[in-house]
Amino acid sequence: MDRAAIILAAGAGTRMKSALPKVLHPVAGLPMLGHVILGLKGAGVGRIVVVTAPDADQARAYATSLGADSVVQDKQLGTGHAAAAAGGALKDFKGEVMVAYGDMPLLTKEAFQAAFAARPKDGLVIVAFQAADPGQYGRVLLDKTGMLERIVEFKDASDAERRTDLCNAGLMVADAGKFFGWAEKLDNRNAQGEFYLTDVPALAKKDGARCAVAQIGETEAMGVNSRAELAEAERQMQKRLRDKALKAGVTMTAPETVFLSHDTTFEADVEIEPFVVFGAGVTVKSGARIRSHSHLEGAIVSGGAIIGPFARLRPGATIGECAHIGNFVEVKNSVIGRGSKANHLTYLGDASVGANANIGAGTITCNYDGFGKYRTEIGDGAFIGSDTALVAPVKVGAGAITGAGSVITKDVAPDALAVARGSQTEKPGWAKLFRDLKRKKRD
Ligand code: UD1
Ligand code: CA
């Protein structure tokens with residue numbers, strides 16, 4: 001059966017105290033809404049409609065960028081009202097529809113799949129979890145057969161009802177046509193004067209539909225309403241990503257100090273020392289070693305390469321096999337060839353370095369003149385002397401050497417030596433004469 005989903009994301013998110021719509025706050029580098037959309041797609045959902053607030057242009061643009069549709073909920077009158085707002089966008093859709101909340105970044109595709117799988121034929125399923133601290137979550141009441149009796153919101157619940165620790169996660173699946181029929185019939189006669197999505201099962205039951213309850217873990221069910229909860233979601237997501245990396249054959253001596261992005265890709269037998277941060281878009285291949293205090297984003301590190309300690313790889317850095325990028329070296333938009341070394345205090349930007357080149361300490365590619373960016377090309381086996389400034393655009397041929405302290409402004413031929421610095425002169429005894437004179441004046 002075809003699957004569609006409605007993601008509710010129009011709530012004010014006041015507790016975040018942010019100009020950014022709540023669902024765009026990132027967890028492991030990906031907006032919360034992105035986690036939900038990708039999870040749903042992974043569970044075979046073909047059409048996704050995101051319900052947004054009128055002023056949330058950014059949220060709509062983001063939804064579009066991930067191939068989801070969006071609609072506007074004019075006024076925030078409750079979760080049931082929000083779900084009904086997607087009715088127009090899905091009016092021709094025949095199949096089952098899931099309603100999910102946009103502020104639940106820890107839901108996995110497996111959780112979504114489990115919900116779809118648990119829906120009784122011609123019925124409805126909601127997703128619940130056992131909470132250690134049920135707080136203000138809606139409470140899920142079961143009948144004697146383990147089917148859903150009803151969901152009661154915390155503010156409407158009696159003391160006895162509040163004592164149950166089975167909570168509503170906020171996922172529901174039903175036949176799309178039937179769902180919108182029920183959503184139309186909701187009223188707002190409750191403690192908050194809102195149209196509750198959680199009243200849909202009661203209407204479904206009046207229609208004779210069976211209502212089942214699927215269960216997921218408490219961590220997955222976590223909703224983010226404040227910055228403290230955002231930090232907690234990040235902590236949980238990092239744990240999940242680290243566990244996945246360890247399972248995939250990555251060695252981490254102190255995994256709790258390594259920070260990963262949702263899309264970090266590792267091959268087996270990668271080694272990561274403590275205190276490393278991965279931004280978006282990094283791939284590290286088998287046998288590479290990332291040493292302490294390095295920061296990587298948008299980079300590819302090939303097998304056998306060593307990065308750091310204290311290295312920075314910025315977007316477009318491609319590090320070849322067995323290459324070394326050492327302490328206080330920054331590489332941006334540059335390809336470093338197999339076996340090449342830049343071990344100390346260097347900036348390589350918009351450069352291509354061949355194989356087995358040696359980039360001396362303090363080398364700088366001067367790639368920017370305040371207007372444009374220019375490329376530096378360094379050939380195989382070249383030896384760049386310490387403290388060389390390479391004023392781009394410029395090429396250093398294969399096997400060439402630049403003298404330490406040179407400012408290279410013109411191309412250097414293969415196997416040539418280029419020296420571009422003042423030549424050394426010497427005045428015998430001058431230093432001693434100078435000191436004697438100064439001392440005489442002083443005393
Ligand atoms: C909701 C559930 C509660 C459940 C909890 C799980 C209802 C009535 N209650 O409560 O049973 O235990 O989630 O986290 O559904 N939204 C809109 N438009 C609105 C109101 C909300 O789009 O008019 C969106 C919000 O942006 C959010 C989601 O719906 O993504 C949930 O709303 P929220 O106010 O956070 O609901 P809770 O009070 O947490
Ligand atoms: Ca919530």
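Please read these numbers as outputs of a predicted model, since none were measured by experiment. Note that the numbering runs from 1 along the sequence shown for the chain. Just follow the structure's listing: the first ligand is 1, and inside any ligand the first atom is 1.
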Side-chain (Arg47) to main-chain (Ala89) donor-acceptor, under 3.5 angstrom
yes

Counting only heavy atoms not in Gln76, do more than 12 sit closer than 6.0 Å to its CD atom?
yes

Distance to the ring centre below 6.0 angstrom and angle to the axis at most 45 degrees; does that hold for Arg162 and Phe154?
yes

Verdict with reasoning, Lys22 to Asn225, per side chain to side chain donor-acceptor pair (under 3.5 Å)
CA-CA 8 Å; Lys22 176 168 83 174; Asn225 301 300; 3.1 Å; yes

Quick one: does Val140's side chain get under 4.5 Å of Leu142's, heavy atoms only?
yes

Arg3 vs Phe93 side-chain heavy atoms within contact, under 4.5 Å
no

Is the shortest distance from a Lys or Arg side-chain nitrogen in Arg240 or Asp243 to a carboxylate oxygen in the other one below 4.0 Å?
no

Excluding waters, which are neither shown nor counted, protein N/O/S atoms under 3.0 Å from the Ca ion (ligand 2) come to 1

Measure from the ring center of Phe129 to the ring center of Tyr137 and say whether it is less than 6.0 Å.
yes

Which parts of the protein, at residue level, reach under 4.0 Å of ligand 1 through a heavy atom?
Leu8, Ala9, Ala10, Gly11, Gln73, Gln76, Leu77, Gly78, Thr79, Ala82, Tyr101, Gly102, Asp103, Tyr137, Gly138, Glu153, Asn168, Ala169, Tyr196, Thr198, Asn225

Determine whether the aromatic ring centres of Phe266 and Phe278 lie less than 6.0 Å apart.
yes

